[in-house]
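When reading the values below, keep in mind they use all heavy atoms of this one structure, side chains included, and skip hydrogens, waters and symmetry mates. Counting starts at 1 for both ligands and their atoms, following the listed order. In this chain, numbering begins with 1 at the start of the sequence shown.
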Amino acid sequence: MRFFLFFACVIHAGNWAHGCEIKFTPPMVYVEFGGSTSANCKALCNNTEGIGWESSFGGTGLKQGLTTLDVNLKDVNDWNTAPKCYILLSNGVQDIVPLPITVYKMPKKVFMSKPPSPLMADNEYHLLKCSVHDVAPVNRLVISWHKGDKMVYEMKFEGADRRPVNKSVETTIIIDAEDNGKKVWCEVKLDFPADQRPQPMQSEKHELTVYYPPTFTEPENETLENVVGTKISLNCTATGNPTPVYKWDFADSTLKGMPKQNATGSIFTLDFRTPVVYKCVASNAAGERTKYFHLNQPEGNYTTMAALLGVFLTLGAVIIIIGAIFVTRNGSCALPRTIY
Ligand SMILES: *[C@@H]1O[C@H](CO)[C@@H](O)[C@H](O)[C@H]1NC(C)=O
Ligand SMILES: *[C@@H]1O[C@H](CO)[C@@H](O)[C@H](O)[C@H]1NC(C)=O
Ligand SMILES: *[C@@H]1O[C@H](CO)[C@@H](O)[C@H](O)[C@H]1NC(C)=O
Ligand SMILES: *[C@@H]1O[C@H](CO)[C@@H](O)[C@H](O)[C@H]1NC(C)=O
């Protein structure tokens, strides 16, 4: 707070001329190099004899009897121009106050170096360089880096130089899989009040090509139960850049040979015969990932089968026994009759 008051005092004091306050409108003038603008100076006291502007662009000379005066600054092509307003007081004292003025120039060109292509989505930082030529003033220069629709970094500068400068700066940005296809560029603006700010300028945009390893949508491994005797298809589809290629095999490397079904591509169809674990390796230039498919014949199935088999066997045995008894009774009773 004290700091702020100090500054307020300094700024205020700047517009004071031995007891006569001067008010500039606008309080700060922004003019493009070679361009024109105007400003007003007003004496806020009543012991004035006259007022005038001293400037190499549109100075007015002393105007007797006035307390307010405009100046038209035409074709301002001096980086160090310092127009001043002066007031002649009735006691003969002359006071001079400089007009706060900023002469600016937007760059001719903003350049961003082309990022390496392809980039790997490896969570590493990558340098992006941005260059501007011929921009002023450096202490109002703001360079920002953009990726997709986000600003990723902003850089401001210091320096008392009022003449145009060249700047070549770089920053690091992190690249991930989602950045594939996004555009990067940098933008230059001057940090002026919004209504006086020239249009920001952008570099060309570079599209990112980001390589990333295959990733499976959940689940990463799959267990398929109860698939005895059915035609099943295993889905190993993974996203990745470049597009992954797939290799199927038994997880147990001692098992030799794959079934006849198509074992290329991300979908593997087969007729299930025995419980086994299949393995699919999806790979591309950025890496490889393995997905396992456990084809189970659950224990529950065996007991059901056993129970069913048991019931059938028991039923069969009962039928045979009953049949045997029936045959024996009839046979032993009927046969002698038939024989006789
Ligand atoms: C800025 O770069 C241009 C072109 O490379 C050059 O002509 C000019 O002298 C440079 N300006 C400064 C201030 O270094
Ligand atoms: C998938 O299965 C393999 C082998 O059975 C195992 O090493 C790996 O940790 C499993 N991955 C997940 C995410 O469950
Ligand atoms: C395989 O899985 C992918 C991703 O999970 C999905 O988009 C695709 O439709 C699936 N294909 C089949 C044949 O189920
Ligand atoms: C097997 O794969 C080849 C090459 O990918 C394809 O042309 C063919 O249609 C596939 N066959 C079956 C039965 O899926």
Side-chain angles (χ1 to χ4, degrees), residues 32-34 77-80 102-114 129-143 155-170 177-178 180 186 188 190 201 203-204 212-227 230-255 258-259 261-272 274-284 286-298:
E32 188 172 12
F33 186 77
N77 59 1
D78 175 7
W79 296 107
N80 294 306
T102 298
V103 183
Y104 69 85
K105 187 181 176 309
M106 281 300 279
K108 282 205 195 79
K109 190 165 168 57
V110 182
F111 181 81
M112 179 186 261
S113 54
K114 204 168 156 46
K129 186 167 158 187
C130 189
S131 313
V132 286
H133 281 189
D134 219 15
V135 60
V138 66
N139 65 349
R140 298 300 190 101
L141 173 64
V142 180
I143 300 182
M155 198 181 276
K156 294 185 178 184
F157 300 84
E158 288 178 359
D161 205 345
R162 296 175 76 169
R163 303 184 64 81
V165 294
N166 295 338
K167 285 280 169 195
S168 194
V169 286
E170 50 191 17
E178 283 99 74
N180 186 42
C186 55
V188 167
L190 293 172
M201 195 170 183
S203 70
E204 68 271 56
Y212 55 96
T215 38
F216 300 113
T217 50
E218 296 293 324
E220 277 185 30
N221 288 339
E222 283 185 44
T223 302
L224 292 93
E225 311 269 7
N226 237 339
V227 288
T230 57
K231 198 168 185 69
I232 54 169
S233 82
L234 309 179
N235 188 349
C236 184
T237 308
T239 55
N241 191 30
T243 306
V245 293
Y246 302 89
K247 235 178 77 189
W248 292 87
D249 209 341
F250 293 115
D252 178 356
S253 57
T254 61
L255 295 176
M258 283 289 283
Q261 285 91 345
N262 237 355
T264 56
S266 65
I267 313 282
F268 176 42
T269 47
L270 72 160
D271 289 311
F272 182 75
T274 49
V276 72
V277 181
Y278 282 108
K279 156 177 117 164
C280 165
V281 180
S283 62
N284 66 11
E288 63 171 51
R289 297 285 185 275
T290 306
K291 176 169 179 170
Y292 292 89
F293 295 86
H294 297 259
L295 271 50
N296 285 355
Q297 204 170 28

Next on the checklist: Using the rule given for side chain to side chain contact (heavy atoms under 4.5 Å, CB included), can you reason through Ile143 versus Val110, listing the C-alpha separation, both sets of side-chain angles and the distance that settles it, and then say yes or no?
Outcome noted: CA-CA 10 Å; Ile143 300 182; Val110 182; over 6 Å; no

Next on the checklist: Assess the residue pair Phe33 and Tyr104 against the criterion (side chain to side chain contact (heavy atoms under 4.5 Å, CB included)); give the C-alpha distance rounded to whole Å, side-chain angles, the decisive distance to 0.1 Å, and a yes or no.
Outcome noted: CA-CA 6 Å; Phe33 186 77; Tyr104 69 85; over 6 Å; no

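Annotation for ligand 3: atoms under 4.0 Å from non-hydrogen atoms of Ile267 are 11 (N), 12 (C), 13 (C). Within the listing of ligand 3, atoms 4 (C), 5 (O) sit less than 4.0 angstrom from a heavy atom of Thr217.
Residues passing the side chain to side chain donor-acceptor pair (under 3.5 Å) test with Asn77, sequence neighbours excluded: none. Take Asp252 and apply the side chain to side chain donor-acceptor pair (under 3.5 Å) test, not counting sequence neighbours, and it matches Thr254. Taking Asn180 as the reference, Asn241 meet the side chain to side chain donor-acceptor pair (under 3.5 Å) condition, with sequence neighbours excluded.
Lys105 places a side-chain heavy atom less than 4.5 Å from the side chain of Trp79. Annotation: side chain of Ser131 is not in contact with side chain of Asn166 (no heavy-atom distance under 4.5 Å).
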Report all N/O contacts between ligand 1 and the protein shorter than 3.5 Å as a table of atom names and distances to 0.1 Å; if there are none, say 'none'.
{"from": "ligand 1", "atom 1": "2 (O)", "to": "Asn166", "atom 2": "ND2", "distance (Å)": "2.2"}
{"from": "ligand 1", "atom 1": "11 (N)", "to": "Asn166", "atom 2": "ND2", "distance (Å)": "2.9"}
{"from": "ligand 1", "atom 1": "14 (O)", "to": "Asn166", "atom 2": "ND2", "distance (Å)": "3.4"}

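Checking only distances, Glu220 never comes within under 3.5 Å of ligand 2, N or O to N or O.
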